[in-house]
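Heads up, the thing below is written out as structure tokens.
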Amino acid sequence: MLVINNATVKGRQVNILIEGDRVVSVGKRTRSAKGDVVIDASGLTALPGFIDMHVHLREPGFEYKEDIASGTAAAVRGGFTAVACMPNTRPVVDTPYLVKYILMRAKEADNCRVYPIAAITKGEEGQQLSEMKKLKDAGAVAFSDDGVPVSDSRMMRNALLYAASFSLPVIEHCEDKSLAEGGVVNEGKNSNLLGLPGISRASEDAEIARNIVLAEVYGVPVHLAHVSTRGGMQLIREAKARGVKVTCETCPHYMALTDDEILGFNTMAKVNPPLREEEDRQAVIAAIADGTADCIVTDHAPHSKEDKDNGMYDSPNGISGIETSYAVSYTTLVEGGYISQERLSELMTYNPAEILGVECGRIEKGGLADITLVDNSAEFTVDPSEFASKGKNTPFAGKKYKGVIEYTIVGGKVKYARKEEI
Ligand code: DOR
Ligand code: ZN
């Protein structure tokens, strides 16, 4: 039995009793017995374990950037009890064998739950649909060509219709390549200032609009990845109001940072979609607050130091974000006064679980014991050298946030404890 004493849950102090992978009671009177593992959670808040439905674990093929063991160790250090990993590995995850390989490696790593996302098109090349049904049967929970868009609209229509026929979500990386071509940062005053080619918001918004049209005309769901623009959020807000089955996600870096981070040619802030401007950042927060944005994901994109030391043109896009996600989100949104702690759980746990069709932690009798204990009053300075991820690439280094992950419990087992080993 695992006992969590004196945890704060929705403003109340409770004891949580866990047996196997289930919460057996939440309340005042529960007492620990001999032989139980006991966590004193005085001063800590218990939250349903976070689910990150957009991470890059890089295995197979790019293990020098990250592997399933290091990526999931980083996940539990970030308070995540489950992650869904993108298929832009080498080879691309477009066969049942590779889906099973990821599940096997995740089981060996034994950190958090891992849900493989398989490619929409073979090799993410946009030419031929993957064998979606077989991929689902092997354990894929969704489809995406993330890293690149499915540019051919007819291909995307077919993917949406086919995936909908067996109820798996399609996650689209929204980027009109013809509009983005050659750009390395957001198109705006900072790209002008630095003399760098810009990526127009039109690139993202045009592709968002295309996907909304397909979802609306064919009556099928679509999930839009890492939305970064004001215009994109407005298109999604209006589509939702019309009843279109569109859901979307955004990332901590779009709510907390602007493209001022690239000044000084800082490749750590190079990410796709690019960091935008203050009005976009404000619009992202507004979309999170009003329900337009359904999920917060990290788009955890670890890269090596050598990769990122290649200048603004040649270094790859991405931020290693899974170990700063909660603190950045909590500080910006909850401390910032935009949303409640409960709304943050919708964004980081309940909505991702619903979209992926997986069970999530619930701090109630019978609930799955995927639980994260956080200290919301503790402040820390981001230090990438402490990351469990192999990717130390973060524009958050040196910045201060509140919200320290103290324990991560997956299926009733402590998988991460900041202080002592349990
Ligand atoms: O910044 C990004 N990095 N955006 C993507 O879409 C892909 C990702 C990666 O795989 O590194
Ligand atoms: Zn992407």
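Each ligand, and each atom within it, is numbered from 1 in the order the structure gives. Numbers here are sequence positions counted from 1.
Listed by number with element, the atoms of ligand 1 under 4.0 Å from a non-hydrogen atom of V271 are 1 (O). The atoms of ligand 1 that sit less than 4.0 Å from any heavy atom of D299 are 2 (C), 4 (N). Which parts of ligand 1 touch G147 is read off a 4.0 Å heavy-atom cut-off, strictly below it: atoms 6 (O), 7 (C). Listed by number with element, the atoms of ligand 1 under 4.0 angstrom from any heavy atom of G318 are 1 (O), 3 (N). Near H173, with a cut-off below 4.0 Å to any heavy atom, the atoms of ligand 1 are 6 (O). Atoms of ligand 1 lying under 4.0 Å from at least one heavy atom of H226, given by number and element, are 6 (O). Those atoms of ligand 1 with a heavy atom of H303 less than 4.0 angstrom away are 11 (O).
If you check which protein heavy atom lies closest to atom 3 (N) of ligand 1, you get N317 O, 3.2 Å. Here the protein heavy atom with the shortest distance to atom 1 (O) of ligand 1 is N272 N, 3.0 Å. Distance from atom 8 (C) of ligand 1 to its nearest protein heavy atom, with residue and atom name: H56 NE2, 3.6 Å.
Neither the backbone nor the side chain of H253 comes within contact range of ligand 1; no heavy atom lies under 4.0 Å. Residue M86 does not touch ligand 1, judged by heavy-atom distances below 4.0 Å. Residue-level proximity to ligand 1 for D146 is carried by the side chain, the only part with a heavy atom below 4.0 angstrom.
Other residues, nucleotides and ligands contribute more than 12 heavy atoms inside 6.0 Å of the NZ atom of K240. Other residues, nucleotides and ligands place no more than 12 heavy atoms under 6.0 Å from the CZ atom of R154.
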If you apply the rule salt bridge (Lys or Arg N to Asp or Glu O under 4.0 Å), what do you find for E204 with K177, and how did you get there? CA-CA 9 Å; E204 184 170 344; K177 281 283 184 193; over 6 Å; no

Report the C-alpha distance between D309 and K305 in whole Å, list the side-chain angles of each, state the deciding distance to 0.1 Å, and finish with yes or no for salt bridge (Lys or Arg N to Asp or Glu O under 4.0 Å). CA-CA 6 Å; D309 272 349; K305 182 166 185 317; 2.7 Å; yes

Would you sort out whether E364 and V23 count as a side chain to side chain contact (heavy atoms under 4.5 Å, CB included), showing the intermediate values? CA-CA 6 Å; E364 62 193 30; V23 173; 5.9 Å; no

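A cation-pi arrangement is present between R90 and F62 under the rule of less than 6.0 angstrom and at most 45 degrees off the ring axis.
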N/O donor to acceptor pairs below 3.5 angstrom from side-chain atoms of residues 118-125, sequence neighbours left out:
residue	atom	partner	partner atom	Å
T121	OG1	E125	N	3.3
T121	OG1	G126	N	2.8
T121	OG1	D145	OD2	2.6

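Proximity of E175 to ligand 1 is not established, as no heavy-atom distance is less than 4.0 Å. Residue contacts with ligand 1 do not include P316, since none of its heavy atoms lies under 4.0 Å from the ligand. By the 4.0 Å heavy-atom criterion, R58 is counted among the residues contacting ligand 1.
Between the side chain of D21 and the backbone N or O of G412 there is no donor-acceptor pair closer than 3.5 Å.
Taking the charged nitrogens against the carboxylate oxygens, R105 and D67 have no contact shorter than 4.0 Å, which rules out a salt bridge.
Partners of Y115 according to the ring pair (Phe, Tyr, Trp, His ring centres under 6.0 Å) rule, which considers only residues two or more places apart in sequence or in another chain, do not exist here. Y162 is linked by a ring pair (Phe, Tyr, Trp, His ring centres under 6.0 Å) to F166, counting only residues two or more places apart in sequence or in another chain.
The two residues G361 and P48 make their nearest non-hydrogen contact at O-CB, 3.3 Å. Closest approach of I18 to G20, counting heavy atoms only: CG2-O, 3.6 Å.
Between H223 and T247 the shortest side-chain heavy-atom distance falls below 4.5 Å.
Protein N/O/S atoms closer than 2.8 Å to the Zn ion (ligand 2), listed by chain and residue number, are D146 OD1, H173 ND1, H226 NE2.
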